[in-house]
Amino acid sequence: MYALVDAVAFYASAEKVFDPAIRSKPVVVLTNNDGCVCAVCPIARRLNIPKFGPYFKVKQLLEQNNVVVRSSNYELYANLSDRMMSVIGRFCDTQHIYSIDESFLHFSGYENVVKDWHTYGHLIRRTVWRETKLPVGVGFGPTPTLAKAANHAAKKLTGFDGVAVINDEASRRAILQRMDCQDVWGIGKRLAKKLKIMNINTAWQLAQQNPKTMRRAFSVVVERTVSELNGLVCLNWDDVRQDKREIYSTRSFGERIYEPTALKTALINHVTIVGKKLRAQKSLAKQLYIFASSSSHEDVFYKKSYMYQFSMPTNDTCVMANAVSEVFEKIYQPGVRFYKCGVGALELTAEQFQQSDLFAPQQDNPKLMGCLDAINTRYGKGMLGLASSKLNDRWHMNRDFLSPQYTTRWRDIPKIKCDL
DNA sequence: TCTGGGGTCCTAGGACCC
DNA sequence: TCTGGGGTCCTAGGACCC
């Protein structure tokens, strides 16, 4: 049995944790630079605000309805996510954290431990709420895709109250018949449209298709989805949590930038993030993709990228920063209103298989990187970094509606007034 | 006045080579 | 006169997810 546990509108719910005054109000959270709406709490959902629609287009609607608007407070969300995940992890000995607010649980050998999945799901929900004040939905199913479907039912369909279980033919049918294809994990807008033409509208109808036919018509991914909907596990536990094959860090700027130093500083910061993620996964990159662009909404769209080949795979931030410096002139062009940039690590290999090269000019320094990571873990990120990442930080994001970092910054810790 | 997220995986198609 | 393959590498962009 698999379970998928995730938070209801996580970012919006996280904003409510330390601010009880807004718990009964409609709340939305914006993406980086306050660009789009990315989380809509259940109360605000009634206003039909499009998720990932640009903020400026719904600003008026939000104001008219007294919706509380917040910028993304990643420091807060990351910390609350850690707390939530550790509570959920107590309910199963194999947990896989799939995203900031979702985790899969794999129950193997629990037949005699858990008598009733509904009761167990409600226990998880109650415990997470009591200990973190975050509302979660819990879905159980015999495959990861069915657990996802049950989770969807738990949160979106009437009559489920936060927990749904697919554990026999009747429950599978009841839930899949009430779900659109597009609500199935792995079926997006485009595929749903094509399926509709074939007169496949509900998840149940999709499950009735022949997997081999679906493979021919679409891809192996759709074939697997259909099989999973029928209770055949295709995404095994190792697949679900296998290492990433690409690691990116990209970001748009708070304001357009023109200066080379500012752009270069931003790129070095991205390299720092990618390096850290690579080392966390114990991977090395053979290639580094480096790009910068103007806005795609601009009349003339400018984008330049460069694929850097390392002489041997690396996860050393200094080596990667040198690569950025080396190719920077090929990417920067004076006069361009730069809007976005980033780097990606590609062609990843495992650290344990590193082949050293006596004559390589490239100098990796794993000890230095280990020390860097240890210091930043201990004293907060950004405590120790490359000088070139601090030269000019005019490119920082806009976060006009930011809440305090209640749990990660001393001066933001909530104070309780006590008049005796 | 201006404003439009970020990450990962996959594939079609172009360029180049023999 | 008419015809002309296959592999590799790289890139841009599609598709999906949260």
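Any value given below was found using the heavy atoms of this structure, including those in side chains, with hydrogens, waters and symmetry copies removed. Every chain is numbered from 1, with letters handed out A, B, ... down the list of sequences.
Across the P atoms, C:dC18 and B:dG4 are found 25 Å apart, a figure rounded to whole Å.
The A:Lys340 side chain lies nearest to B:dG6 when the options are B:dG6, B:dC10, B:dT8. Side chain of A:Gln309, nearest nucleotide from C:dC10, C:dC18, B:dG4: C:dC10. Looking at the side chain of A:Tyr339, the nearest of the listed nucleotides B:dC10, B:dG4, B:dG7 is B:dG4. With distances taken from any side-chain atom of A:His297 to the nucleotides B:dG4, C:dA15, B:dG5, the minimum falls on B:dG4. Comparing B:dG7, B:dG4, C:dC17 by their closest approach to the side chain of A:Lys148 singles out C:dC17. Checking B:dG5, B:dC9, B:dG4 against every side-chain atom of A:Asn32, the shortest atom distance belongs to B:dG5. With distances taken from any side-chain atom of A:Tyr98 to the nucleotides C:dT11, B:dT3, C:dC18, the minimum falls on C:dC18. For A:Trp185, taking side-chain heavy atoms from C-beta onward, the closest of the listed nucleotides B:dG4, C:dC18, B:dT8 is C:dC18. With B:dT3, C:dC18, B:dG4 as the choices, the nucleotide that has an atom nearest any side-chain atom of A:Pro54 turns out to be B:dG4.
One can place CG of A:Asn33 at 7 Å from P of B:dG6, the figure rounded to the nearest angstrom. Separating the CG atom of A:Leu346 from the P atom of C:dG13 is a distance of 17 Å, rounded to the nearest angstrom. Atom OH of A:Tyr289 and atom P of B:dG6 are 15 Å apart (whole Å). Atom CG in A:Asp101 sits roughly 18 Å away from atom P in B:dG6 (whole-Å rounding). Counting to the nearest Å, the P atom of B:dG6 and the CD1 atom of A:Ile100 are 15 Å from each other. The CG atom of A:Asp34 sits 19 Å away from the P atom of B:dC2 (whole-angstrom rounding). Atom CD of A:Gln287 and atom P of C:dT8 are 16 Å apart (whole Å). Rounded to whole angstrom, the span from the CZ atom of A:Phe52 across to the C1' atom of B:dG4 amounts to 13 Å.
Using a 4.5 Å heavy-atom threshold, the side chains of A:Phe18 and A:Thr407 count as touching. A:Asn73 places a side-chain heavy atom less than 4.5 Å from the side chain of A:Glu75. A:Gln209 is not listed as a side-chain neighbour of A:Met198, based on a closest heavy-atom distance of 4.5 Å or more.
Remark: A:Arg190 is in phosphate contact with C:dA15, judged by side-chain N or O atoms under 4.0 Å from OP1 or OP2. Between A:Arg256 and B:dT3 there is a side-chain polar atom (N or O) within less than 4.0 angstrom of OP1 or OP2. The phosphate of B:dG6 has OP1 or OP2 within less than 4.0 Å of a side-chain N or O from A:Ser252. Put simply, A:Thr31 has no side-chain N or O that comes within less than 4.0 Å of OP1 or OP2 on B:dG6. Taking side-chain N and O atoms only, A:Ser305 has a distance below 4.0 Å to OP1 or OP2 of C:dA12.
For the pair A:Thr250 and A:Glu298, both in contact range of DNA chain B, the more 5′-proximal nearest nucleotide belongs to A:Glu298. For the pair A:Val221 and A:Tyr55, nearest-nucleotide mapping onto DNA chain B gives the more 5' position to A:Tyr55.
A salt bridge does not link A:Glu228 to A:Lys148: none of the charged side-chain nitrogens sits closer than 4.0 Å to a carboxylate oxygen. A salt bridge does not link A:Lys25 to A:Glu15: none of the charged side-chain nitrogens sits closer than 4.0 Å to a carboxylate oxygen.
Of the nucleotides present, B:dA15 is the one that pairs with C:dT8 by Watson-Crick or G-U wobble criteria, both distances under 3.5 Å.
A:Leu30 comes within contact range of no nucleotide atom at all, as no heavy-atom separation falls under 4.0 Å. Across all strands, A:Val184 comes closer than 4.0 Å only to sugar-phosphate atoms, never to a base (heavy-atom distances). Among the protein residues, A:Lys189 comes within range of the sugar-phosphate backbone only, with heavy atoms under 4.0 Å from sugar or phosphate atoms but none that close to a base. Counting non-hydrogen atoms under 4.0 angstrom, A:Cys36 reaches the backbone sugars and phosphates but no base. Across all strands shown, A:Ser72 has no heavy atoms under 4.0 Å from either base or sugar-phosphate atoms.
Here A:Phe56 does not lie in a stacked arrangement on the base of B:dG4, lacking the combination of planes under 30° and ring centres under 5.5 Å apart.
The side-chain tip of A:Lys303 points at the ring of A:Phe291 from less than 6.0 angstrom away and within 45° of straight on.
To the nearest 0.5 Å, atom OG of residue A:Ser403 and atom CZ of residue A:Arg70 are 5.5 Å apart.
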